[in-house]
Amino acid sequence: MFNSDTISRFQQLETPFYYYDINLLKQTLKACYDASSKYNFHVHYAMKANFNPKVLEAVQSFGFGADSVSGNEVKAAIENGFAHDKVVFAGVGKSDKEINYALDTEIFCFNVESVQELTIINELAKAKGKTARVAIRINPNVDAKTHHFITTGLEENKFGVDTWQLPNVVEALNACTNLEFIGIHFHIGSQITDMEVFKNLCEKVNVLDKWFEEQGFDIKVLNVGGGLGVDYYNPDTNSIPDFEAYFKVFADNLTVKAGQEVHFELGRALVAQCATLISRVLYVKNGLKKNFLILDAGMTELIRPMLYQAYHQIDNISKGLDHGPSTMDHGLEMTKYDVVGPICESTDCFRKDVVLPESFRGDLVAIRTAGAYGEVMVSNYNLRDRVQSVYPE
Ligand SMILES: *Cc1c(COP(=O)(O)O)cnc(C)c1O
């Protein structure tokens with residue numbers, strides 16, 4: 001994936017760093033834009049996936065809105081050029097300070113996750129003499145068929161309002177004078193690759209939209225959240241998700257009434273493939289049972305494998321790709337390594353038993369598909385330096 005000029009450039013740089021392929025990012029954004037515009041669907045970028053300013057700049061340039069999950073994300077969205085009326089604010093625990101900030105900023109909508117939150121937003125809006133637009137995040141009890149650590153739409157999850165509680169929501173909405181109820185919101189999980197799951201979601205949305213209509217509400221926005229997955233196993237051959245197929249599921253299965261808008265909140269699918277974590281082999285440690293490749297990057301730079309048992313392709317880019325015919329052709333000796341970081345935690349391991357060409361101190365190792373939930377989760381545990389970001393020249 002990297003040509004020899006790029007690799008020579010990497011060799012001169014201090015590691016570890018995130019390398020952003022802005023070109024691939026733009027191609028991905030364009031594919032999403034084209035596929036969603038076909039149906040007049042609106043996309044808000046879930047900025048928690050990656051709020052690197054260069055990424056935000058590219059996303060914003062396609063006219064997407066921003067989905068934020070904290071007051072500071074609302075602030076970052078505005079500061080990075082997103083229009084205030086294209087910013088939505090979700091999250092199960094919004095503080096009063098954050099709600100007040102979002103009210104002052106006149107965002108498009110609060111995605112509200114409990115009945116109590118509705119009454120609090122109403123009180124805070126009233127105190128300012130404002131009306132807050134709200135959507136109710138409903139927990140549709142749909143199995144996202146993804147890793148259980150990143151599923152959000154089951155009754156055992158903390159997110160959203162369960163359907164049995166909706167009569168209480170209606171009661172609260174009727175009592176709250178400073179709220180404008182505009183939509184219903186769903187987000188059932190992340191890294192979803194089975195399109196059947198989204199079809200099941202559509203069926204729930206249709207039923208709930210009808211239910212609210214029967215209660216006398218006019219739902220303007222159907223917000224179906226995000227969650228579209230990417231191919232962590234084939235970052236080179238499948239670098240852009242199939243947005244056409246994804247949006248078509250909603251076009252085919254969602255009942256959209258005249259005047260209703262359909263909103264999406266994609267994060268991972270837009271940014272995961274555009275970044276790679278580049279690090280260097282510090283040491284090779286051969287044990288009796290295991291060989292360890294000790295990198296200068298660890299869970300402080302990319303925590304997904306340790307936090308969610310996530311898979312990332314790992315390539316020794318000084319030697320060619322980690323597996324497949326090309327490396328065999330070069331006659332390189334293959335070895336199994338546990339690829340680990342330098343952090344003082346046993347869980348600080350990117351992957352066990354990775355088959356790589358025999359590797360040496362100083363080799364560059366690329367951890368692929370690291371653009372989503374990567375750089376945003378860096379920490380300075382062990383007082384580590386802040387990881388750098390590098391862009392094409
Ligand atoms: C995280 C999140 C998203 C984005 O999820 P992806 O899997 O990255 O697409 C969308 N909506 C809400 C409310 C979220 O919390």
Side-chain angles (χ1 to χ4, degrees), residues 25 28-29 32 35-36 41-52 55-56 59 64-70 72-74 77 86-94 98 102 107-114 117 134-140 142 144-154 157-161 183-195 197-198 201 205 221-232 240-243 246-247 249-250 262-275 304 307-308 310 369-377:
L25 172 61
T28 308
L29 293 166
C32 179
S36 57
F41 290 162
H42 299 244
V43 176
H44 290 90
Y45 168 58
M47 58 193 285
K48 74 174 185 290
N50 192 317
F51 38 68
N52 176 306
V55 170
L56 293 182
V59 172
F64 296 128
D67 166 38
S68 29
V69 290
S70 72
N72 286 341
E73 281 196 5
V74 171
K86 279 190 180 176
V87 175
V88 297
F89 183 13
V92 73
K94 302 176 190 75
E98 290 175 311
I107 60 165
F108 173 63
C109 186
F110 291 87
N111 292 333
V112 177
E113 310 228 7
S114 66
E117 187 191 329
V134 295
I136 291 292
R137 177 168 180 176
I138 302 171
N139 183 343
V142 168
K145 298 189 183 133
T146 184
H147 195 284
H148 63 279
F149 288 175
I150 52 174
T151 190
T152 57
L154 291 173
N157 298 125
K158 70 179 176 183
F159 300 100
V161 177
I184 48 179
H185 172 232
F186 304 83
H187 176 68
I188 56 174
S190 200
Q191 185 52 19
I192 299 168
T193 50
D194 179 353
M195 292 302 119
V197 167
F198 293 119
L201 172 62
V205 177
V221 175
L222 303 175
N223 182 337
V224 293
L228 176 62
V230 300
D231 192 344
Y232 282 93
I240 299 182
D242 191 350
F243 293 110
Y246 170 69
F247 289 117
V249 172
F250 292 90
V262 185
H263 290 204
F264 291 81
E265 299 170 337
L266 292 171
R268 186 191 309 273
L270 296 175
V271 296
Q273 299 289 13
C274 80
R304 296 190 66 256
L307 186 62
Y308 311 123
T369 319
Y373 309 106
E375 196 188 347
V376 285
M377 289 199 200

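First listed ligand is number 1; within each ligand, the first listed atom is number 1.
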shortest atom 5 (O) of ligand 1-to-protein heavy-atom contact is with His187 CE1, 3.3 Å
### Message
Are any of the N/O atoms on Glu265, whether in the backbone or the side chain, positioned under 3.5 angstrom from an N/O atom of ligand 1?
### Response
yes
For Tyr45 and Asn50: C-alpha separation, side-chain torsions, deciding distance, then whether side chain to side chain contact (heavy atoms under 4.5 Å, CB included) applies. CA-CA 10 Å; Tyr45 168 58; Asn50 192 317; 3.4 Å; yes
May I ask you to check whether His185 has an N/O atom sitting below 3.5 Å from an N/O atom of ligand 1?
no
So for Asp67 against ligand 1, with non-hydrogen atoms under 4.0 Å, the contacting part is side chain
of all protein heavy atoms, closest to atom 14 (C) of ligand 1 is Lys48 NZ, 2.8 Å
TODO: Could you tell me whether Gly225 and ligand 1 have an N or O pair separated by under 3.5 Å?
DONE: no
(message) Strictly distance-based, threshold 3.5 Å: is any side-chain N or O of Lys94 a donor or acceptor partner for the main-chain N or O of Asn111?
(response) yes
When Phe243, Phe186, Phe247 are each screened for ring pair (Phe, Tyr, Trp, His ring centres under 6.0 Å) with Phe264, the one that passes is Phe247
> Mind checking whether Tyr308 and Tyr373 have ring centres under 6.0 Å apart?
Replying inline: no
Atoms of ligand 1 under 4.0 Å from any heavy atom of Arg137, numbered from 1 in the order shown, are 13 (C)
Q. What about His263 and Phe108, are their ring centers closer than 6.0 Å?
A. yes
The atoms of ligand 1 lying under 4.0 Å from a heavy atom of Arg268, numbered in the order shown, are 6 (P), 8 (O), 9 (O)
Only residue of Glu117, His185, Glu113, His187 satisfying side-chain hydrogen bond (donor to acceptor under 3.5 Å, both in side chains) with Arg137 is Glu113
At under 4.0 Å between heavy atoms, what of Ala49 touches ligand 1? The answer is neither
closest protein heavy atom to atom 7 (O) of ligand 1 is Ser190 OG, 2.3 Å
Residue, atom and distance of the protein heavy atom nearest atom 4 (C) of ligand 1 read Ala46 CB, 3.4 Å
of all protein heavy atoms, closest to atom 8 (O) of ligand 1 is Tyr373 OH, 2.6 Å
Between Leu307 and Met377, is a side chain to side chain contact (heavy atoms under 4.5 Å, CB included) present by the stated rule, with each step listed? CA-CA 11 Å; Leu307 186 62; Met377 289 199 200; 3.9 Å; yes
Would Gly267 count as a polar contact of ligand 1, with the cut-off being nitrogen or oxygen pairs under 3.5 Å? yes
What one should report as the nearest heavy-atom pair of Gln273 and Asp231 is NE2-O, 3.0 Å
For Ala49 and Arg268, the nearest pair of non-hydrogen atoms, with its separation, is CB-N, 4.1 Å
